[in-house]
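Read the structure below first, then the notes.
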Amino acid sequence: MLDFSWLPDALTVLASGVATTMGLIVVVTVLGTVLSIAGAAARRSRSKGLRRAVGAYVELVRNTPFLVQLFFIFFGLPGLGIRLNAVTAAILAMTLNMTAYGIEVVRAGLEAVPKGQGEGGAALGLSRTRVFLSVVLPQALRVIFPALSSQIIIILLESAVVSQIAVRDLTYEADLLQSRTFRPFETYLVVTGLYLGLATAMRRGMEAGAHRWIFRGR
Amino acid sequence: MFRLLPQALATAVGLLAFCAGGARADGLADIQKSGVLKVGVFADFPPFSSVGADMSLKGYDIDVAKALATGLKVKLALVEVTGQNRIPYLTGHRVDVLMSVGKNAEREKVIAFTQAYAPYYIAVIGPKATDVKGASDLADKSISVNRGTLEDTSLTAAAPKSADIRRFDNYSAVMQAFLSGQVQLMAVGNDVGAQVLAKHTDIAPEQKFQLLSSPDHLAINKEEPALLKVLDDAIDGMKKDGSLDKVSTQWLGKPLDPKDLVD
Amino acid sequence: MDEFSTSDIVINLLLAARWTLALTLVAFLGGGVVGLLILAARIDPRPWLARSANGYIGLFQGTPLLLQLFLVFFGLPLLGLQIEPWMAASFGLTFYASAYLAEIWRGGVEALPKGQWEAARALGLPRSACLRLVVLPQALRMTLPPAVGFLVQLVKATAVTSIIGYAELMRTANAINNATFEPFTVYGMVAAIYFALCFPLTAYARRLEAGGQHRFGR
């Protein structure tokens, strides 16, 4: 029979796991969004070398599993003298991952903005950067936001494997709990429910935010 | 799709139905009847149990498991387990015996233990030239340790304040820091320690003292007294005829010290 | 400990990659079959059926794959089933794939002009025949690019099954790494093997997408 008698004692560790997971997501969302915009700009740059380098990075990350990237960064890089602690390695792997998808999302968004808009800005004497930041990007965000927020949810779900390098996220706490309670199914059931709740709450929060700030006046 | 939390949860519950397992006879009878001893071992725990170039398992635990099966006159089936699934494997009767299980009060509530068959302890290792005999000698010395592990906790508790504890995030780094001279000492389990002691004779590393000992036991299901007795007797036999010493010398680099088998 | 030569590592990893491929195929085919059933339920006129299917999809797309695998692995034994890691991996990934494929195909079904349904119904075909003969063939063809794209996601997802003990490429890599202490080499090679599996599929999906007139972004 299912046994949840361990649950009341486990609330503190579960809360701390949720806090770590959400902390990771917040940091990665900020870093990943900024880098995605920078990467998309780099893919439109005039330097062929830069465009190619960003393209190669995107392909490399999109065609290898997140878990492999994480282990390579955490266990493999010390071979090159680069030692990162578990949390830094997790943030790096998650950010690299989100950015590889984010660049494509932002690029698609930028392509959806009519060329004339940028040209109009340039005709007003604005600089290239200025045109990008104040004319093109705000319009592109309407296309970008829904896809990017899906990507953030995906990263939240993928983040469960960072427990494997001993980041004390929600899944790590579940692993520890089940090794003490010997009730693995019940433990993972509760934690799966927590992830579902987090994903739902984040999705709703982002939708609400989008209506308020991005799609305002529509 | 995320607006559907209540539905999703309802589906989750709908997907599940539950039932409990029934009572079982003593595991020994099952083993003799089937002619197979199913032993749960790790695949990534050198030198106790790890893969060789042909991907077969080898190590201290494997040799002991082979001897146990031979003693029972049954075939050995090694089942690879992970830290997460091994106790459920045992309680679900997927394996008869688990190897490399440390004894603690929580585990004793759900499984039973034989006597210890292998040492597992955390020790401070240093070059021969460095004079360290106990925790108080760690003052002003630099020591590498794997962050957040049992080694870290016990070292931090035992070492004087002036000890310079350098925390790394994996064993390669802990070992490299020591072997390259970045730190004077290292605190590791005897599994990792054995590799250092065996591999790098140039700086003559030796074991200085133990921080904590938690020897490995065989674990079986509760209320299987016949199986428990047979396994305990088998371990006694291997201790007496010297075969356990041979296993220890091969994989841990030295014969068994009875003190290391005390919890 | 030092008995592994580089060629030993490569050969053992390549042999293990067979199990990655086998699992991918099983999950894609199994997920395809289950996914069609979910799709049929999802677009059924009976609200309770459509809602259940939607809940199923939301459940698998809103929780981490790792936790889904844990629940299958520790849950099925509670039902009295003896389950090996490869079975848990196959079941888990089949459910996972079915949810994503059903959602991809639904996109195709909904993109079809309403007239298709109406014309088929006007010919006197029952609903199930309309679906089977008219709607599905077109929807499947139309959604081939995202389906191939999902296949890449599935290859990568198999790496997570290493955590429940299925001896595919990633788990073999972990075992070898723990015996050789050469993580840079081992995980570098593993990344290269996954890339070799995924990149051709990615390129194929992109070609399909460029060739077709319909775009289904995810």
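Note on naming: letters A, B, ... go to the chains in the order of the sequence lines (proteins, then strands), and numbering restarts at 1 for each one. Just so you know, these numbers come straight off a predicted model, no measurement behind them.
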Side chain / backbone / both / neither for [X] at chain A, heavy atoms under 4.5 Å:
X       : result
L66(C)  : side chain
V152(C) : side chain
T185(C) : neither

Check the surroundings of atom [atom1] in [X]: do more than 12 heavy atoms from other residues, nucleotides or ligands lie under 6.0 Å from it?
X       : atom1 : value
R52(A)  : CZ    : no
W117(C) : CH2   : yes
F145(A) : CZ    : yes
Y57(A)  : OH    : yes

Please look at [X] and chain C and tell me whether the side chain, the backbone, both or neither of the residue comes under 4.5 angstrom of a heavy atom of that chain.
X       : value
F66(A)  : neither
L194(A) : neither
S163(A) : side chain
T171(A) : side chain

Worksheet item: Does the separation of the ring centres of F70(C) and F185(A) fall below 6.0 angstrom?
Response: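 No; F185(A) has its ring centre 6.0 Å or more from that of F70(C).
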For residues [X] and [Y], report the shortest heavy-atom separation together with the two atoms involved.
X       : Y       : answer
L67(C)  : Y195(A) : CD2-CE1, 3.9 Å
P64(C)  : L157(A) : CB-O, 3.2 Å
Y187(C) : V68(A)  : O-CG1, 4.0 Å
A159(C) : L67(A)  : O-CD2, 3.4 Å
P183(C) : F75(A)  : CG-O, 3.0 Å
P65(A)  : Y194(C) : CD-CG, 3.3 Å

Worksheet item: chain A: which of I193(C), I163(C), V190(C), L169(C) shares the most heavy-atom pairs with it under 4.5 Å?
Response: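 Counting heavy-atom pairs under 4.5 Å, the top option is I163(C).
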Practice prompt. Evaluate side chain to side chain contact (heavy atoms under 4.5 Å, CB included) for L78(C) paired with L2(A), printing each intermediate quantity in order.
Written response: CA-CA 9 Å; L78(C) 294 181; L2(A) 294 191; 3.9 Å; yes
Worksheet item: Do any of residues 23-39 of chain C have a heavy atom less than 4.5 Å from a heavy atom of chain A, and if so, which, in residue order?
Response: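 Hits under 4.5 Å: none found.
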Worksheet entry | Check: F71(A) and M170(C) side chains under 4.5 Å, non-hydrogen atoms |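 M170(C) vs F71(A): side chains touch.
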Practice prompt. Take R206(C) and E59(A), measure what salt bridge (Lys or Arg N to Asp or Glu O under 4.0 Å) needs, and give me the verdict at the end.
Written response: CA-CA 12 Å; R206(C) 202 172 293 144; E59(A) 291 300 337; 2.8 Å; yes
